[in-house]
Amino acid sequence: MRQPRTPRPDLEPDADLEREEMEAMQREIAAAAIFEDDHDVAVGSLSNPLEAASSDRDRPEPPLVAGVDQSFLLESERALSAVVVMQAGEVVERVHAVTPLEIPYIPGLLAFREGGPILAALEGLSTEPDLFLFDGSGRIHFRQAGIATHIGVVLDVPSVGIAKSLLCGEPRGDVDDLPAGTTVPIDANSRVDAPAGTVLGYAVQTRQYDSPDRAINPLYVSPGHRVGPETAADGALELATTYKLPEPIRLADAYADEAKRTLEE
DNA sequence: GCGACAG
DNA sequence: ATCTTGTCGC
């Protein structure tokens with residue numbers, strides 16, 4: 001259904017670039033990005049378990065979904081990138097890589113700090129995920145080139161950004177105490193390099209408490225590459241089966257911490 | 001100058 | 001992100 005992939009190694013995040021060059025590269029990334037559905041992932045059954053039915057041959061292989069997250073060994077100035085690949089709700093592969101950290105965290109330039117470590121970890125995959133979830137923004141970014149978009153374009157793979165807080169853009173409505181399953185559009189504002197009216201992504205409430213005492217904040221989900229905003233939001237809701245975070249990301253987060261502790265001991 | 005700012 | 005124990009509540 002899809003055309004062969006066209007990776008863009010020329011747009012790999014380079015921590016040695018000047019700030020202006022990084023921003024220029026992000027504009028190129030945004031121009032190359034596709035913020036609409038262009039993949040073969042059947043969103044709608046991402047977490048469904050395979051049934052022990054009779055005709056396995058009639059049913060297409062459930063899509064492989066990768067969750068990617070990082071932890072840091074600040075003492076040794078290193079980043080640990082962890083990847084967990086799931087299929088039909090089951091973990092099918094886990095890989096991680098440890099690389100030196102080259103630059104500090106700068107809002108808007110996250111991909112230049114964590115992109116190298118991520119690409120190093122993804123090199124170790126033996127499976128070929130159909131969709132990648134990254135911890136951070138995609139199109140919800142000053143230049144529409146968050147880390148999910150950057151990595152997605154470089155590898156030319158479908159990707160989605162899952163952030164716990166909002167970098168920029170304006171929620172179309174109140175995002176407090178939203179009921180589970182609710183989404184609120186995030187519109188582009190003056191701080192974003194996008195036409196007014198552009199829907200950058202969605203605030204997505206995957207879980208919520210029953211009692212009005214405490215409240216869970218929504219996730220901020222946006223297209224990385226080759227995925228539309230609605231599909232990104234629906235996928236996040238579908239993959240968050242038990243916790244606030246979509247399962248692949250949650251498990252990558254836990255794995256990144258676990259592998260880090262192993263190195264510290 | 002002031003404010004805003006993923007992980 | 002990371003530094004960190006206990007503690008409130010289902």
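Keep in mind that what you see is a predicted model, and the values were worked out from it rather than measured. By convention in this document, chain letters (A, B, ...) are assigned in the order of the sequence lines, proteins followed by strands, and residues within each chain are numbered from 1.
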- Message: Need one value for A:L109: base, sugar-phosphate or nothing, where a base atom within 4.0 Å counts as base even if backbone is also close, heavy atoms only.
- Response: base

- Message: Does A:S165 reach a base, just sugar-phosphate, or nothing at all? Heavy atoms under 4.0 Å.
- Response: sugar-phosphate

- Item | Selected nucleotide, minimal atom distance to A:S71 side chain, candidates C:dT2, C:dC3, B:dA6 | C:dT2

- Between B:dA6 and A:Y105, is there an OP1 or OP2 to side-chain N/O distance shorter than 4.0 Å? yes

- Item | N or O in side chain of A:S211 less than 4.0 angstrom from C:dC10 OP1/OP2 | no

- Task: Please state whether the phosphate of C:dA1, meaning OP1 or OP2, lies under 4.0 angstrom from any side-chain nitrogen or oxygen of A:K260.
- Result: no

- Item | Value in whole Å for how far the P atom of B:dG7 lies from CZ of A:F142 | 12 Å

- Item | Pair A:F112 + A:H150: ring centers closer than 6.0 Å | yes

- Task: In plain terms, say whether A:R261 and A:E264 are close enough for a salt bridge, that is, a side-chain N and a carboxylate O under 4.0 Å apart.
- Result: no

- Task: Check the distance between B:dA4's P and A:E170's CD and give it to me in whole angstrom.
- Result: 13 Å

- Message: Using a 4.0 Å heavy-atom cut-off, does A:G161 contact any base of the nucleic acid, only the sugar-phosphate backbone, or nothing at all?
- Response: nothing

- Task: Sorted by first residue and then second, give each side chain to side chain donor-acceptor pair (under 3.5 Å) pair with at least one member in residues 183-192 of chain A; sequence neighbours left out.
- Result: A:R172-A:D187

- Picking from A:T149, A:V160, A:I249, A:I118, what satisfies side chain to side chain contact (heavy atoms under 4.5 Å, CB included) with A:F134? A:I118

- Message: What's A:I147 touching, base or sugar-phosphate or nothing? Going by heavy atoms closer than 4.0 Å.
- Response: base

- Task: With DNA chain C as reference, determine whether A:R214 or A:K164 sits nearer its 5' end, using the nearest nucleotide of each.
- Result: A:K164

- Task: Counting heavy atoms from C-beta on, name the nucleotide in B:dG7, B:dA6, B:dA4 closest to the side chain of A:R191.
- Result: B:dA4

- Message: Nearest heavy atom decides the nucleotide; on that basis, is A:L74 or A:D213 closer to the 5' end of DNA chain C?
- Response: A:L74

